[in-house]
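Read through the structure below, which is laid out as structure tokens, and then see the notes.
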Amino acid sequence: MVIERTLSMAKPDAVEKNCIGAVVARLEQVGLKVVAAKMVLLTRSEAERFYAVHKGKHFFETLVTFITSGPLLAMVLEGENAILKNREVMGATDPRKALPGTIRGDFAKDIGDRMERNVVHGSDAPETAKNEIGFFFGEMEIFSR
Ligand code: IDP
Ligand code: MG
């Protein structure tokens with residue numbers, strides 16, 4: 001049994017839609033525990049650093065503009081297989097392909113082809129989780145069980 005940490009964000013569209021509580025509830029329902037949380041308004045250079053892996057892709061500028069458009073809720077989630085579990089409850093990157101019952105499937109169906117507005121972010125692997133958690137939080141801001 002592996003207890004992992006992962007970085008989650010309720011993106012600016014979630015804050016805008018007033019559904020961050022619902023997002024957190026979905027995460028808690030699958031056994032993920034919020035062990036750190038804060039609202040953050042990223043600067044452009046911070047966003048470019050956070051999404052550096054996507055630099056050069058066609059959606060990079062759109063994504064950076066969107067993620068800096070308002071505050072987001074950054075969280076550290078902890079639990080068994082937290083990285084994969086979070087990815088599963090988030091649903092597919094493209095909300096048009098996300099299944100009902102997933103966060104993106106239920107809260108981002110209205111976004112058309114504006115795929116950047118898909119409500120949540122989740123780390124995709126242990127190494128990225130470590131880096132992304134460190135981007136937002138110091139160890140003393142994380143309240144592990
Ligand atoms: P993920 O968030 O499911 O891991 P990634 O491929 O890592 O998906 O992409 C990061 C984010 O970039 C996505 O969550 C989404 O907001 C945005 N994105 C990905 N592909 C596109 C696209 O084709 N158009 C617009 N935004 C995109
Ligand atoms: Mg990703």
Side-chain angles (χ1 to χ4, degrees), residues 1-98 102-108 110-111 113-145:
M1 188 171 83
V2 189
I3 300 294
E4 289 177 333
R5 284 177 181 175
T6 191
L7 190 279
S8 168
M9 299 191 291
K11 293 180 178 181
D13 53 335
V15 177
E16 178 69 28
K17 286 175 178 167
N18 216 15
C19 71
I20 60 175
V23 167
V24 171
R26 295 292 182 94
L27 301 171
E28 291 179 339
Q29 273 160 21
V30 296
L32 295 167
K33 189 178 177 71
V34 178
V35 294
K38 64 180 160 196
M39 289 187 84
V40 180
L41 180 55
L42 292 178
T43 66
R44 198 159 186 92
S45 76
E46 286 166 344
E48 285 173 353
R49 193 151 54 84
F50 183 82
Y51 280 127
V53 65
H54 297 301
K55 203 169 164 105
K57 294 184 187 167
H58 68 93
F59 59 85
F60 183 70
E61 280 307 315
T62 316
L63 179 59
V64 168
T65 298
F66 161 65
I67 208 72
T68 57
S69 67
L72 56 84
L73 177 67
M75 292 173 277
V76 178
L77 307 177
E78 195 171 77
E80 206 177 313
N81 293 316
I83 297 168
L84 186 61
K85 198 177 272 184
N86 183 39
R87 299 283 306 185
E88 282 173 358
V89 71
M90 285 162 56
T93 304
D94 183 346
R96 291 169 295 192
K97 297 179 184 152
T102 64
I103 294 170
R104 286 164 170 170
D106 291 345
F107 296 107
D110 56 329
I111 64 169
D113 60 359
R114 296 176 302 167
M115 217 166 107
E116 65 282 0
R117 303 175 68 89
N118 58 359
V119 178
V120 279
H121 169 88
S123 309
D124 61 7
E127 192 61 23
T128 43
K130 190 171 186 296
N131 293 337
E132 291 178 357
I133 290 168
F135 179 88
F136 283 103
F137 296 97
E139 196 55 41
M140 290 189 65
E141 296 177 297
I142 303 172
F143 299 89
S144 272
R145 50 185 129 190

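Every heavy atom of this structure was used, including side-chain atoms; hydrogens, water molecules and symmetry mates were not. Since this is a predicted model, take the numbers as computed values, not measurements.
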Does the pair [X]/[Y] count as a salt bridge with the N-to-O cut at 4.0 Å?
| X | Y | result |
| --- | --- | --- |
| Asp13 | Arg114 | no |
| Lys38 | Glu141 | yes |
| Asp94 | Arg96 | yes |

Practice item. Identify the heavy atoms of Thr102 and Gly91 that sit nearest to each other, and give their distance. Key: CB-CA, 3.6 Å

Review point. What pair of heavy atoms forms the shortest contact from Arg104 to Ala92, and how long is it?
Key: CD-O, 3.1 Å

Exercise for review: Begin from the C-alpha positions of Ser144 and Arg5 and carry the test side-chain hydrogen bond (donor to acceptor under 3.5 Å, both in side chains) through to its verdict.
Suggested key: CA-CA 9 Å; Ser144 272; Arg5 284 177 181 175; 2.5 Å; yes

What distance do [X] atom [atom1] and [Y] atom [atom2] have between them, rounded to the nearest 0.5 Å?
| X | Y | atom1 | atom2 | answer |
| --- | --- | --- | --- | --- |
| Glu48 | Ile67 | CD | CD1 | 13.0 Å |
| Lys17 | Ile111 | NZ | CD1 | 6.5 Å |
| Asp124 | Met90 | CG | CE | 9.0 Å |
| Thr68 | Arg44 | OG1 | CZ | 5.5 Å |
| Arg117 | Ser69 | CZ | OG | 6.5 Å |
| Ile103 | Asn86 | CD1 | CG | 7.0 Å |

Review point. Any side-chain heavy-atom pair from Phe136 and Leu42 closer than 4.5 angstrom?
Key: yes

Review point. With side chains defined as the heavy atoms from C-beta onward, is the minimum distance between Arg26 and Asp106 less than 4.5 Å?
Key: yes

Review point. Can a cation-pi geometry be assigned to Lys11 and Phe66, taking NZ or CZ under 6.0 Å from the six-membered ring centre and within 45° of the ring axis?
Key: no

Check your understanding: How about Glu132 and Ser123: does a side-chain donor come under 3.5 Å of a side-chain acceptor?
Key -> yes

